[in-house]
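Data block below; observations after.
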Amino acid sequence: MKSKIACEALPFFDGFNVHDQWLAFYASSKGRIAYVALPLVRYRIHKGNQIGANIFDGITSKKDYIKNRLAKEVQKCDGLLINYHFTKAQIATIKDYQFQIVNRMNFMNKRSLKGGINMIEIIKEDPELIIFEFLIGIAPNKINEMIFKKLHHRRIGKK
């Protein structure tokens, strides 16, 4: 990351506990970020990690997922727009991303054909995530609870 972008991202937004994630989120709102398939640092997942090991902490249902993941993403976008300066094009990109999150939340709260089509239209943005959310959105609550329980067990190495 260019140091200029990192400095612009300071101070860290209060709604973010994971500072690396905040820097990446901010940088992506200012331009483009790219995935590098090479290991650039050693990363070890352990029980106390902020991310990785704890990705579904506090999430045991679709309702929890919407509240603890998607609604927080909307708040992060609000934090960007309120606390930092962007060009009109950058603001439009952030608002478009926020709109997509709200559409995903709406689909999960109330399934509809239009909502399903919206999910399919944005699948190219993050195929694994959108497929996961689509399945969570259409599955009955009991099935979702079983899925999240299984994800929690896999996270800490239980069978």
Side-chain angles (χ1 to χ4, degrees), residues 1-41 43 45 48-139 144 147-148 151 155:
M1 173 181 296
K2 292 182 179 179
S3 59
K4 179 184 179 224
I5 295 293
C7 288
E8 285 178 14
L10 298 173
F12 292 117
F13 173 56
D14 287 339
F16 258 84
N17 296 328
V18 183
H19 297 115
D20 290 351
Q21 187 184 28
W22 170 250
L23 290 170
F25 190 72
Y26 181 82
S28 69
S29 71
K30 286 293 194 174
R32 299 196 71 71
I33 60 173
Y35 173 75
V36 177
L38 301 170
L40 302 175
V41 295
Y43 182 73
I45 294 179
N49 278 32
Q50 284 185 304
I51 57 173
N54 300 325
I55 194 165
F56 291 111
D57 273 2
I59 299 174
T60 59
S61 66
K62 176 171 60 173
K63 183 178 177 181
D64 290 342
Y65 183 83
I66 293 168
K67 178 183 169 191
N68 295 332
R69 292 294 299 261
L70 297 177
K72 286 185 179 182
E73 286 296 307
V74 170
Q75 291 172 351
K76 291 172 188 177
C77 291
D78 287 338
L80 276 175
L81 294 169
I82 292 167
N83 295 301
Y84 299 92
H85 300 288
F86 296 98
T87 66
K88 287 181 181 179
Q90 291 166 333
I91 290 170
T93 299
I94 295 166
K95 287 185 175 183
D96 182 56
Y97 175 66
Q98 191 174 36
F99 181 72
Q100 288 180 4
I101 299 165
V102 170
N103 279 340
R104 289 161 38 207
M105 291 170 67
N106 289 340
F107 173 75
M108 293 179 86
N109 278 320
K110 185 177 179 186
R111 295 179 304 263
S112 68
L113 179 59
K114 182 180 178 186
I117 291 169
N118 287 339
M119 295 289 279
I120 292 167
E121 288 174 347
I122 62 169
I123 201 164
K124 67 184 176 297
E125 302 293 329
D126 190 340
E128 292 87 3
L129 176 67
I130 301 304
I131 291 169
F132 172 76
E133 290 180 353
F134 184 85
L135 294 173
I136 295 300
I138 63 172
N144 284 329
I147 290 169
F148 285 114
L151 289 170
R155 173 181 64 84

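With hydrogens and angles left out, the side-chain atoms of E125 and Y97 include no donor and acceptor closer than 3.5 Å. With no hydrogens or angles considered, a side-chain donor-acceptor pair links D78 and Q98 at under 3.5 Å. Side-chain atoms of E8 and Y26 include a donor-acceptor pair closer than 3.5 Å.
Distance check: D126 CG to I131 CD1 gives 9.5 Å after rounding to the nearest 0.5 Å. Once rounded to the nearest 0.5 Å, the distance linking CG of L135 with CD1 of I130 reads 11.5 Å. In this structure, N103 CG and N118 CG are separated by 4.5 Å, a value rounded to the nearest 0.5 Å. Summarising the geometry, atom CD1 belonging to I138 is positioned 9.5 Å from atom CE belonging to M119; distances are rounded to the nearest 0.5 Å. Here the straight-line distance linking atom NZ of K95 with atom CD of Q100 works out to 15.0 Å at 0.5 Å rounding. Remark: I122 CD1 to I117 CD1 distance equals 13.0 Å, nearest 0.5 Å.
In this structure, K124 contributes its side chain and E121 its backbone to a donor-acceptor pair below 3.5 Å. In this structure, the side chain of D96 does not engage the main chain of A92 through any donor-acceptor pair within 3.5 Å. Checking side-chain atoms of N144 against main-chain N and O of S61 turns up no donor-acceptor pair under 3.5 Å. Side-chain atoms of Q90 come within 3.5 Å of backbone N or O of T87 as a donor-acceptor pair. Side chain of K62 to backbone of M108: a donor-acceptor contact under 3.5 angstrom is found. Between the side chain of R111 and the backbone N or O of G137, at least one donor-acceptor pair lies under 3.5 Å. For the pair N68 (side chain) and G58 (backbone), a donor-acceptor distance under 3.5 Å is present.
With contacts defined as side-chain heavy-atom distances shorter than 4.5 Å, the pair N109/K63 does not qualify. Side-chain atoms of D64 and F148, non-hydrogen and from C-beta on, never get closer than 4.5 Å to each other. In this structure the side chain of R104 reaches within 4.5 angstrom of the side chain of L129, judged on heavy atoms.
The heavy-atom pair separating S112 from F107 by the smallest distance is O-CE1, 3.9 Å. In this structure, L80 and S29 approach most closely via the heavy-atom pair CD1-CB, 3.9 Å.
At most 12 heavy atoms of other shown residues, nucleotides or ligands fall within 6.0 angstrom of atom CZ in F99.
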(Q) Checking T93 against F86 for the side chain to side chain contact (heavy atoms under 4.5 Å, CB included) test, could you report, in this order, the C-alpha distance in whole Å, the side-chain angles of both residues, the deciding distance, and whether it holds? (A) CA-CA 10 Å; T93 299; F86 296 98; over 6 Å; no

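Note: F132 and Y65 have perpendicular aromatic rings, judged against thresholds of 30 and 60 degrees for the angle between ring planes.
A salt bridge does not link E73 to R69: none of the charged nitrogens lies less than 4.0 Å from a carboxylate oxygen.
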